[in-house]
2 protein chains.
Amino acid sequence: MQAENTARASQSKKRTRIQIENEERILDAALDVFSSYGFRGATVDQIAEAAGMSKPNLLYYFRRKQDIYIAVLSRTLENWLTPLGDLDPDGEPEAEIGRYVGQKLAMSRDKPMESRLFAIEVIQGAPMMMDLLRTDLRAIVEDKAGALAAWIAAGKLAKVEPAHLIFMIWAMTQHYADFDTQIQSVIGSGISGSPDTFADAEQAVTQILFRGILPR
Amino acid sequence: MQAENTARASQSKKRTRIQIENEERILDAALDVFSSYGFRGATVDQIAEAAGMSKPNLLYYFRRKQDIYIAVLSRTLENWLTPLGDLDPDGEPEAEIGRYVGQKLAMSRDKPMESRLFAIEVIQGAPMMMDLLRTDLRAIVEDKAGALAAWIAAGKLAKVEPAHLIFMIWAMTQHYADFDTQIQSVIGSGISGSPDTFADAEQAVTQILFRGILPR
DNA sequence: TAATTTTCTGACTGAACGGTCAACATCAGG
DNA sequence: CCTGATGTTGACCGTTCAGTCAGAAAATTA
């Protein structure tokens, strides 16, 4: 993403205890605010208040609003790509994809703000993340698409354009985080709030996906 | 949504030619801007420039930024719910759902901004649309979920929680509009730009969905 | 504990924003 | 072609925002 520590920057030698604590508090608060309002809609004052500190103090750690945003995206990106990276081409598709889908659904339940942060950024054209999408994300998708293609060639999966299969998994799982408000409005509860709803979601996703792609 | 014409309001008698023209230009421009930046991120000046008129003139037609936003949401909502409303409980599931999915995918290709407008609004907690979601959207989903439940009971569809099946269709189809930037970054083209990509998307969605839910 | 560095804050600045207003321009109907 | 209604604009206002700064308070080091 970038030099990561655009913070007190300069050429600071060691990160002090207070620095580490406060930067974390700021990033937690920033995730909350940015995932609710997007970059332009969020204000530094909001983030400062959520982090429980004054605005000048926040700006002492991150000189500019953009630096906070980039730092949050950076920190979140790792968790984001890890599960897909774990997909093992030498494993069996049902087990591997099942584990992946399970992890993604759990992330939608437990870390919905991260999902929404990326969603807003991407929907708005990924002005800050474009480079990463074209490099890191593209690379890992191409890599794992190869694994899917091999499974298809081996007759272990139905014929689907591999990249699109990955997109569909993202779509189905992340929908429960990103559109939680809508889901709650319609059925009364989201997957974060109700174990029953989570179970229904998991059942629907795996049912459709596995019947859809596993050999009959 | 509301009285629709919060515009020149007062108790205007008839809408003049210029009024009709300009309100349409404004709403087109507003859709473009709001779908890219969200409500808080968009500025009235941006919309005015996109509509090719001065800010005071724009505010002559819509007194407040919120009024423009609500008007755009209103206008878009109709197109949004129509395809689902057309789903015929007395038809055959494959034909009905197939037509619905086709319409939704075509909308993602031809009207991606509408999709993104709703996506941003919902992701941010639907502050302006909550009422509509809880009434109109909920009602139509419950209605159509009944149709799906009947098909399932008749053995014409696999057992899936009907509301979740609808969510999955939304997720899979709208993903191609909302996350177009991401898809382009990964495979080089989106469904609006390339007929091949659209065909791949359609194939993936229908393949997964129909194998996933139709009786074997 | 004295010196030094790090952390924190109130008060501020210039720019951007939403919205107003008085006056000017254009239009449609008689 | 005159007149009232509709449409349009530059200049402006109060507020909010990102970011600055001089210096006070707290922590660290010696």
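The nucleotide whose nearest atom lies closest to any side-chain atom of A:D45 is, among D:dA18, C:dG18, C:dT7, D:dA18. When the nucleotides D:dA18, D:dT20, C:dG19 are ranked by their closest atom to the side chain of A:K65, D:dA18 comes out on top. In this structure, the nucleotide among C:dG19, C:dC17, D:dT8 sitting nearest to the side chain of B:R64 is C:dG19. You'll find that the side chain of A:P56 is closest to C:dA11, out of C:dC8, C:dG19, C:dA11.
Comparing B:K55 and B:I20 against DNA chain D, the residue whose closest nucleotide sits nearer the 5' end is B:I20. Nearest-nucleotide positions on DNA chain C for A:R40 and A:L58 put A:L58 closer to the 5' end.
Both tests hold for A:K104 against A:W80: distance to the six-membered ring centre under 6.0 Å, angle to the ring axis within 45°.
Applying the 4.0 Å criterion to OP1 and OP2 of D:dG7, one finds that B:N57 has every side-chain N and O outside that range. Put simply, A:N22 has a side-chain N or O that comes within less than 4.0 Å of OP1 or OP2 on C:dC8. Contact check, A:Y60 against D:dC21: no side-chain N or O comes under 4.0 Å of OP1 or OP2. For A:R17, no side-chain nitrogen or oxygen approaches OP1 or OP2 of D:dA27 to under 4.0 Å. Listed pair A:Q19 / C:dT6 fails the phosphate criterion, with no side-chain N or O lying under 4.0 Å from OP1 or OP2. The side chain of B:T16 contributes an N or O atom lying less than 4.0 Å from OP1 or OP2 of D:dG7.
Put simply, the side chain of A:Q182 reaches to within 4.5 Å of the side chain of B:W170, judged on heavy atoms. Looking only at side-chain heavy atoms (C-beta outward), B:I120 and B:F34 stay at 4.5 Å or farther from each other.
In this structure, B:D178 does not pair ionically with B:R116, as no charged nitrogen and carboxylate oxygen lie closer than 4.0 Å.
Summarising the geometry, the separation between CD on B:E23 and P on D:dT6 is reported as 14 Å, rounded to the nearest angstrom.
One distance of note links CZ of A:F167 with OH of B:Y176; it measures 6.5 Å at 0.5 Å rounding.
Nucleic acid contact class of B:A42 (heavy atoms, under 4.0 Å, all strands): sugar-phosphate only.
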